[in-house]
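Count residues from 1 along the sequence. Note that the structure is a prediction, hence the values are computed from the model and not measured. Only this structure's heavy atoms are used, side chains among them; waters, hydrogens and symmetry mates stay out.
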Amino acid sequence: MGLKGLRLSALIASMVLVGYGLIRISTGLRHGYAWSEMDWNLDGVTSASELIAASDIGVRRSEYGDLRCKDYFSLKDGLPLRTICPVDEAAAAPRDKAEMPR
């Protein structure tokens with residue numbers, strides 16, 4: 001195999017890898033949740049690897065009592081990964097010492 005053949009092989013391999021990456025990223029973007037929700041390590045930034053990981057994670061709505069939550073689960077086996085429930089800010093706010101029970 002000459003130099004031209006080696007370059008052609010490298011080009012084809014690169015194109016296949018880039019195509020695979022684009023497919024994984026586009027799959028991650030179509031799962032029905034926001035870009036910020038794909039921040040799986042909670043560092044405040046959604047990286048490309050987290051976006052690719054999102055292609056294997058689904059979301060479903062659930063209710064726990066009065067709370068409407070989002071359950072994130074593995075598409076491979078359906079096991080839950082994370083549950084996010086909105087918090088009532090008034091109930092979660094720190095109370096004044098005068099209001100605290102003794």
Completion exercise
The salt bridge (Lys or Arg N to Asp or Glu O under 4.0 Å) partners of Arg68 (sequence neighbours excluded) come to Glu63
Handout entry: Point-to-point distance, once rounded to the nearest 0.5 Å, from CG of Asp39 to CD of Glu50
Key = 5.0 Å
Fill in the blank from the handout: Interatomic distance, CG@Leu6 vs CG@Leu11, rounded to 0.5 Å, equals 11.5 Å
Handout entry: Over 12 foreign heavy atoms within 6.0 Å of CG, Asp43
Key = yes
Exercise for the section: Please name all residues satisfying side chain to side chain contact (heavy atoms under 4.5 Å, CB included) with Asp77, sequence neighbours left out, ordered by chain then number. Expected result: Ser74, Leu79
Problem - Spacing of CZ belonging to Arg60 relative to NZ belonging to Lys70, to within rounding of 0.5 Å - result: 14.5 Å
Problem - side chain to side chain contact (heavy atoms under 4.5 Å, CB included) between Ile57 and Leu75, intermediate numbers included - result: CA-CA 5 Å; Ile57 299 172; Leu75 293 175; 5.8 Å; no
Problem - Which residues share a side chain to side chain contact (heavy atoms under 4.5 Å, CB included) with Thr83, sequence neighbours left out - result: Tyr64, Cys69, Asp71, Cys85
Handout entry: Rounded distance (nearest 0.5 Å) linking atom CG of Leu17 with atom CD1 of Ile12
Key = 12.0 Å
